[in-house]
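For the numbers below, each heavy atom of this structure counts, side chains included, while hydrogens, waters and symmetry mates do not. Bear in mind the structure is a predicted one, so any value in this text is a computation, not a measurement.
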Amino acid sequence: MQHSADLITTIATSFGLALVMGFLAVRLKMSPMAGYLLAGIIVGPATPGFVADIGLAKQLAEIGVMLLMFGVGLHFSLDDLLAVKKIAIPGAIIQIIVSAALGAVLATLWGWPPGTAIVFGLALSVASTVVVLRSLEASRSLESMNGRITIGWLIVEDLVMVLALVLLPPLADFLKVSGAGGQASASALMLALAITLGKVVAFVVIMLVVGKRVLPRMLWAVAQTGSRELFTLAVVAVAVGVAYGSAALFDVSFALGAFFAGMMMRESELSHRAAEQSLPLRDAFAVLFFVSVGMLFDPQIVFERPLQLLATVAIVMVGNPLVAAALVLAFRYPLNTALTVGASLAQIGEFSFILAALGVSLGLLPAEAQSLLVAAALISIAANPLVFAATRPALEWIRARSALAQRLERSADPLGELPMTTGERYLSGQVVLVGYGRVGRRIAQALTDQGVPYVVAEQYRERVEQLRASGTPAVSGDAAQPFVLIQAHIAKASMLVIATPDTVSHRRMAEIARTLNPGIEIVVRTHSEEEALLLEDEDVGKVFFGEHELASAMIRHVLARRGIALDPEGAKAGP
């Protein structure tokens, strides 16, 4: 070539190799993120052959961090967090503290200084939201109670890591010195923290007062032009511009600026469109971010420090899940919830890399620590689909063989059984309603309006508390377990209505109900046409497929407006 094309070469090789390795990873039932990291290792300086420009890769990675954090802010839902706040907020915070402490103790045993140990422990304590979302979607658990608790947990982890990214730079000098910093160091630390927090507060106030009003209006004005290109450009310009401006004017990280830009953009009615149209660019630069992380990995760490790598992976894949599962059980949630949350946290990802990169730039983390984190991420991300797939067999195995697990699920929980004052009309001939979400709530309201007695079986403890406070009989627990339906008096019930989106457990619930009450009528909800056909073939009960019922209702409305009346059976939608 007659001219310098380092940027084009770096982008072309990174995208091309990431495509190949990501494709192979997906074919092997792994997250494509593992393939992107491997692509970075291949083009990195530690492996033979072509070496991409690390300096350019790091700058492209910064844009990837901005867009990643913008996406986190754009999808941040306070409602999702508040729905599970009683378990997600304390659970995630305690889990981060315990997991970080495990990592810090391990690093201290290796002779690393306290500051390095703390940053290393924090990087091991947070899971990848990207990996978890894909695992939950693959297992059809995203909309389930377990999925919502997991997402709430991850939201708290993300917020804690954002705070860590803000506080780490002013704390860096203090963390570098050993205990003999004296009063001067403490005073300097307090001053640095005060200045940093002051700048952050000023930035947040401006974003809440100005950004919350200006950004959504600007997005709406651009949308009215009808130009798709201008709209996409506006979204990207806001993400990158606010991130850069926050760093230049307030000395806060690109990550925090982009996160708040996404949060403010969420206030717009066009936020879903913004997320959809910026997604390809966010995905592309996210790939470059993961490739750049892989370039910093030194494969020699596997041979030079195998025991350290094994211990690091053990904390990620054993320590974190066990801590999380124990906390979930301590909050009196079912064993299946504990296993789902634990499996979700058995890997590390983007926030660990961002934190590690910041730690290296501040002189807090050595290069070998970053390599250990990348290696642990590769192994844990590659294994995560297998961990998720093993949760259900593990659940059945534990329940069948562990008396302790059975006692934990049947522990003296006041919400696990109906109060002694429950009226007789709710104990015989009643409807047992499993699930009190968007569908279950509407069914319950209709039953209340018609005076039909019903008992709710719900896994969300907060919902059970609210139901009982309003006078509605409800029990807390997983209805796929016999003792939950027994407490709802399924043996004398007239009907079982399964309104949960978790189709995996529907057959088990129906089996338990028919065993205890052979003549019971069962009604099941499902989102999958394939699942609906299977349930009908197995004669589980009356199956309602969401899209079919919606189409049927629209057909009746359209024909009624044309003066054509149809009976319910005559309004069937086509396949």
Side-chain angles (χ1 to χ4, degrees), residues 37 41 46 61 65 92-128 131 157-158 160-179 189 253 255 289-290 292-324 345-381:
L37 292 170
I41 295 172
V65 170
I93 291 174
I94 296 172
Q95 177 261 313
I96 288 174
I97 293 172
V98 175
S99 298
L102 289 174
V105 168
L106 186 64
T108 302
L109 293 176
W110 295 339
W112 291 0
T116 299
I118 291 172
V119 177
F120 185 73
L122 279 174
L124 291 179
S125 68
V126 58
S128 167
V131 173
E157 284 195 344
D158 290 352
V160 171
M161 288 302 112
V162 169
L163 181 62
L165 293 174
V166 171
L167 295 179
L168 198 55
L171 287 171
D173 290 336
F174 180 80
L175 291 174
K176 287 177 187 176
V177 300
S178 52
L189 169 65
S253 66
F289 166 68
F290 292 118
S292 72
V293 171
M295 291 173 66
L296 301 174
F297 173 68
D298 184 1
Q300 289 297 320
I301 200 79
V302 177
F303 307 102
E304 294 175 357
R305 301 175 182 267
L307 295 180
Q308 290 187 357
L309 176 58
L310 185 61
T312 303
V313 172
I315 288 180
V316 174
M317 298 191 64
V318 180
N320 290 353
L322 287 179
V323 171
L345 301 182
Q347 43 77 30
I348 55 175
E350 59 273 10
F351 263 112
S352 301
F353 303 144
I354 295 172
L355 190 63
L358 180 60
V360 171
S361 68
L362 294 172
L364 286 171
L365 271 187
E368 59 265 29
Q370 191 171 37
S371 291
L372 284 172
L373 289 170
V374 174
L378 267 172
I379 295 170
S380 60
I381 290 171

Distance-only donor-acceptor pairs under 3.5 Å for side chains of residues 110-126, two or more places apart:
unit_1, atom_1, unit_2, atom_2, d
Thr116, OG1, Leu364, O, 2.5
Ser125, OG, Leu122, O, 2.7

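- In this structure, Phe290 has no ring-ring contact (aromatic ring centres under 6.0 Å, His included) partners at least two apart in sequence or on a different chain.
- With values rounded to the nearest 0.5 angstrom, Ser380 atom OG is found 10.0 Å from Leu373 atom CG.
- The line from CG of Leu345 to CD1 of Ile96 is 9.5 Å long, rounded to the nearest 0.5 Å.
- Here the closest heavy-atom approach between residue Leu309 and residue Ala375 is recorded as CD1-CB, 3.5 Å.
- Among residues two or more places apart in sequence or in another chain, the side chain to side chain contact (heavy atoms under 4.5 Å, CB included) test is passed with Ser371 by Phe297, Asp298, Ile301.
- The distance from the CG atom of Leu37 to the CE atom of Met295 is 12.5 Å, given to the nearest 0.5 Å.
- The shortest non-hydrogen separation linking Ile315 to Pro321 is O-CD, 4.5 Å.
- In this structure Ser99 satisfies the side-chain hydrogen bond (donor to acceptor under 3.5 Å, both in side chains) test together with Gln95, Asn320, sequence neighbours excluded.
- Residues passing the side-chain hydrogen bond (donor to acceptor under 3.5 Å, both in side chains) test with Glu157: none are found, sequence neighbours excluded.
- Here the CG-CG distance, from Leu365 to Leu355, works out to 7.5 Å after rounding to the nearest 0.5 Å.
- Residues meeting the side chain to side chain contact (heavy atoms under 4.5 Å, CB included) test with Ile93, sequence neighbours left out: Ile89, Ile97, Val156.
- Proximity of Met317 to Gln347: side-chain heavy atoms (C-beta onward) are nowhere separated by under 4.5 Å.
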